[in-house]
Amino acid sequence: MAQRIPYESHLNAAQLDAVTYYGSPLLVLAGAGSGKTRVITYKIAYLINEMSIDPKNILAVTFTNKASEEMKQRVDALLGEKVEVWIRTFHSTAARVLRIMGDAFGIQPRFTIIDQQDQKMILRKIMKEMNLDQDTYKPEKYAALIDRAKDRLLSAEEAESERFSTDPLFFDIYREYQRRLSHENLFDFGDLIFRFCRGLDSNGDALNSVKQRFRYILVDEFQDTNHAQYELIKKLTFPDGNIYVVGDEDQSIYGFRGAVVENIMNFSKEYAYTKIIKLEENYRSFQTILSASSHLIDKNSGRFGKTLFTRKGKGEKIVFFRAASDRGEARFIADRILNLRYNEGYGFADIAVFYRMNAQSRVFESVFSEMGIPYSIVGGFRFYEREEIKDILAYVRLLVNPYDEVSLRRIANKPIRGIGEKTVDALVRSTIECGRPFFHIDNGLEVSLARKKKVESFVESMVKLKEIVDSTYPPEFIRTLFETSGYLDYLKGTGNEERIRNIDELYNAVEEFSKQNPSAPISEFVEEVSLNQNNSDERFKQERTYLITLHNAKGLEFPVVFIAGMEEGIFPHYLAGEQVSELQEERRLCYVGMTRAMEKLYLTAARVRKLYGTSVERGVSKFLLELPQELIVFSEEEPEQRFFSGFTGPSFRRYRFSSGSGSLKQRKIPERSSARPSEISDLKASSRVVHPQFGRGTVVEISGEVAVIRFDDGKKMMFMLNYTPLRKDEE
DNA sequence: CCAATAAGTGTTTTT
DNA sequence: CACTTATTGG
């Protein structure tokens, strides 16, 4: 047994309070960087070590797999051993319980979990059969509506009587969708929570046994819970109230996915005698970054309000750069990164670039490879969403659940074996629709003899695989699957190297999985994958700059952060609409992004951005204007001339670097006739200058490469001379 | 039934 | 631009 954990010396007063508090519900309001995860992990340790609570009776719920992974590791490290505490995401908790207790809830425990792609496919099919024009009624829209209904614990019938939607078609689509899922024994993400809740409602004994098991429940990122998740928690913790939730209303960024901020705001009304503890000391960011972000979030209403403070130094001002184009923006960021790396002692991995939407990552990828910056995209194109990976997994899923029509359709003709859509239709009609697994093939199959032969040989090979699927060591099984299915040869035939590599990658993943879980069947691997949508190329993460969406950035921190695309329409995103609540969510997203930065924060924008084929000119994000201007250094690249539409030629400005480091030399920096730096080199206090956007002003102060200028309209701003097209005023 | 080609289209964030 | 869907010809 390890020696006692010195809670007092590892935690500040508020944290210690939160960790040791016992006896009634606890709400910890944890500001950004205030040690939230620390509190949860120490609390788990405390419950086990000091309160002598059996680890089996503790459930800690998170939202992302990443968070639960990290928490698991930290708890194990703290306690010095692998602990039996359940630390899982909401969805994986639900999936696990449903598999174990399915029978008590009237659920076939071998259900298959489908992702949004599958969901969309099913809806598309349904809508086609209903003869709905897919242009006016988009499957994505209905998918989202169905998700939202499930978040609110509404079945199709309940949604209808509650007038959940004004679109009468929706209820029919939802009903039919659900009918299919249950017929094929498929669960979407929403079902996992929904069915768990319903199961507990319908079976009091089951409810009691689950409550008995999970007597102490901790919830991380509580501000992100939706209605269904909150109800689930309530069912499990009423009336004993051994519930500890941690969250920050200012970091609620999943409203679009059904999260309800009110859950955290009203928590203490739902649970009597709730103890509220605020964590307000920020251990992450320099003063300037913290002040600027606090100032921004102050614009939001309906908050508890916190006063974050840090003992760190002031730090540097936030740099804002407005490039002429999206490529110019990427080039600026790349320049800064090289500078940080080679002149300022930062590693590539100390730096992250955040953006609002995945589509923005492309420019960075291209510019970064040109300039030799190693990068790694977190959660963009997802490994397990790739076609070839989904195909292989579909084979396994079909073997595990032979009613799974989605998977059947996916792989029936991959590799091409002469089983086209019509033939699959017939196959489905004669089996799955009649309530039989698809392996069961008889005379009911109405196709030509030649087709029938092909189907039979396909089914035969699947039956062979099915016989060994549960008993074979997963990596070995996958190998057999590659061979018998002919999939690997099929891929080799297409000559797509990358896909073949991905298949190898999948094999490695299975091997790794089996090493970690020696006795687990392959179906468990599929389960893990289904729930872990986000696993991209994180294995290779050493010494690479990160490219991440703002949503994915939550919970992370970096010494240097760039937030790109600070433009109206991008961030805040134009689809976020006019509503105050939506704008507030965008603002929180900005707050989350800014508070990830420890030492340096850069905000960048592009005047003209090429997105989805066309170039559009955009103004600067309103969030930028909401920040305290005295904490920001502004600079702007001279606008590009556009000769004709679509042409955005090279627009290299003269970026100055103080180093002659090797890898910098290869970068080509074309000269341009108007060399600004020299023009402004003799600036001094009281010089008169002209800025192309802000007009005439007087230099108040110059220090290094930064000049403070008071414009004639009274506005005071700071500029980086290297990047700003300032001219001397000749008047 | 299949592959190649043309046309069209819709653009956030994710468990 | 990138992706899906419809059409065509084999």
Side-chain angles (χ1 to χ4, degrees), chain A residues 61-68 88-95 113-117 119-121 124 128 134-136 138-141 143-144 147 150-151 187-193 221 224-226 228-229 252-259 326 354-363 378-382 384-385 387 412-425 447-448 450-451 454 494 529-536 548-554 565 569-577 582 585-586 588-590 592-593 609-616 646:
Chain A
V61 212
T62 64
F63 275 84
T64 65
N65 294 288
K66 199 188 280 164
S68 70
R88 293 173 161 267
T89 64
F90 265 104
H91 291 89
S92 108
T93 305
I113 299 167
I114 60 168
D115 65 15
Q116 63 271 57
Q117 275 181 43
Q119 200 182 16
K120 212 171 92 184
M121 283 307 193
R124 213 188 288 276
K128 210 173 243 168
Q134 308 242 337
D135 297 340
T136 28
K138 287 170 204 106
E140 292 85 349
K141 199 188 106 193
D147 286 346
K150 287 181 182 173
D151 289 346
F187 279 48
D188 63 21
F189 285 121
D191 283 330
L192 293 170
I193 312 290
E221 307 276 17
D224 288 331
T225 49
N226 63 34
Q229 289 160 335
S252 164
I253 55 174
Y254 286 105
F256 72 93
R257 197 172 75 185
D326 49 355
F354 299 161
Y355 37 79
R356 180 66 235 271
M357 35 182 191
N358 287 118
Q360 284 170 263
S361 73
R362 284 206 120 79
V363 206
V378 178
F381 40 72
R382 289 158 208 171
Y384 292 108
E385 271 176 23
E387 196 184 341
N413 206 27
K414 277 185 196 180
I416 295 150
R417 41 172 87 87
I419 302 177
E421 211 184 321
K422 291 270 146 58
T423 312
V424 180
D425 283 345
V447 289
S448 72
R451 298 270 154 258
K454 296 191 163 162
T494 67
V529 164
S530 309
L531 291 168
N532 192 358
Q533 294 281 301
N534 225 2
N535 222 347
S536 45
I548 318 179
T549 61
L550 284 151
H551 282 88
N552 265 321
K554 184 151 77 161
I570 298 275
F571 191 28
H573 196 276
Y574 71 107
L575 284 178
E582 292 176 315
E585 180 151 316
E586 294 283 302
R588 289 193 291 265
L589 192 55
C590 188
V592 167
R609 178 176 299 276
K610 212 157 77 174
L611 208 60
Y612 308 118
T614 44
S615 293
V616 186

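Reminder, nothing fancy here: chain letters follow the sequence lines and each chain counts from 1.
- When the C1' atom is compared between C:dT5 and B:dT12, the two are found 24 Å apart, to the nearest whole Å.
- Candidate nucleotides B:dT13, B:dG10, B:dT14 were compared by shortest atom distance to the side chain of A:M357, and B:dT13 ranks first.
- With sequence neighbours excluded, the residues that form a side-chain contact (heavy atoms from CB on, under 4.5 Å) with A:S92 are A:R88, A:T89, A:L531.
- Between C:dA2 and A:R362, a contact under 4.0 Å exists linking OP1 or OP2 to a side-chain N or O.
- Between the P atom of B:dT15 and the NZ atom of A:K120 lies a distance of 17 Å, rounded to the nearest Å.
- Per the geometry, CG belonging to A:L550 stands 14 Å off C1' belonging to B:dT14, to the nearest Å.
- In the set C:dT5, B:dT13, B:dT15, the nucleotide with an atom closest to the side chain of A:H91 is B:dT15.
- To the nearest 0.5 Å, atoms CD (A:Q119) and CG (A:D191) are separated by 8.5 Å.
- The distance between atom CD of A:Q116 and atom P of B:dT15, rounded to the nearest whole Å, is 9 Å.
- Here the straight-line distance linking atom CZ of A:F90 with atom OG1 of A:T225 works out to 6.5 Å at 0.5 Å rounding.
- Among the heavy atoms of the strands lying under 4.0 Å from A:F63 are primed sugar atoms or P, OP1, OP2 only; no base atom is included.
- At the heavy-atom level, A:Y254 lies under 4.0 Å from the strands shown only through sugar-phosphate atoms.
- Between A:N65 and B:dT15 there is no side-chain N or O to OP1 or OP2 distance below 4.0 Å.
- Projected onto DNA chain B by closest heavy-atom contact, A:T64 and A:R356 fall at different nucleotides, the more 5' of which corresponds to A:R356.
- If you check B:dT15, B:dT12, B:dT13 against the side chain of A:H573, the one that comes closest is B:dT12.
- A:T549 has a side-chain polar atom (N or O) that falls below the 4.0 Å cut-off from OP1 or OP2 of B:dT14.
- When the side-chain nitrogen and oxygen atoms of A:N358 are compared with OP1 and OP2 of B:dT14, one or more of them lie within a distance under 4.0 Å.
- A donor-acceptor pair is defined here as one N or O able to donate and one able to accept, closer than 3.5 Å; such a pair exists between the side chain of A:R588 and the backbone of A:S252.
- Atom P of nucleotide B:dT12 and atom CD of A:E582 are separated by 14 Å, given to the nearest angstrom.
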Please tabulate the protein-to-nucleotide N/O contacts below 3.5 Å involving nucleotides 1-4 of chain B, giving atom names and distances.
{"residue": "B:dC1", "atom": "OP1", "partner": "A:T423", "partner atom": "N", "Å": "3.2"}
{"residue": "B:dC1", "atom": "OP1", "partner": "A:T423", "partner atom": "OG1", "Å": "2.3"}
{"residue": "B:dC2", "atom": "OP1", "partner": "A:N413", "partner atom": "OD1", "Å": "3.4"}
{"residue": "B:dC2", "atom": "OP1", "partner": "A:N413", "partner atom": "ND2", "Å": "2.9"}
{"residue": "B:dC2", "atom": "OP1", "partner": "A:G418", "partner atom": "N", "Å": "3.3"}
{"residue": "B:dC2", "atom": "OP2", "partner": "A:N413", "partner atom": "ND2", "Å": "2.9"}

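- Here the side chain of A:D188 pairs no donor or acceptor atom with the backbone of A:I114 at under 3.5 angstrom.
- In this structure, the CD atom of A:Q360 is 11 Å from the C1' atom of B:dT13, given to the nearest Å.
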Task: Verdict with supporting geometry, A:Q116 and A:D147, side chain to side chain donor-acceptor pair (under 3.5 Å) - done: CA-CA 10 Å; A:Q116 63 271 57; A:D147 286 346; over 6 Å; no
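- One can place CD of A:E140 at 13 Å from P of B:dT13, the figure rounded to the nearest angstrom.
- The distance between atom CZ of A:R124 and atom P of C:dC3, rounded to the nearest whole Å, is 14 Å.
- If you take CD on A:Q229 and OG1 on A:T93, they are separated by 10.0 Å, rounding to the nearest 0.5 Å.
- Taking atom CZ of residue A:F571 and atom P of nucleotide B:dT12, one finds them 16 Å apart after rounding to whole Å.
- Relative orientation of the A:Y254 and A:H551 rings is tilted, given thresholds of 30° and 60° on the angle between their planes.
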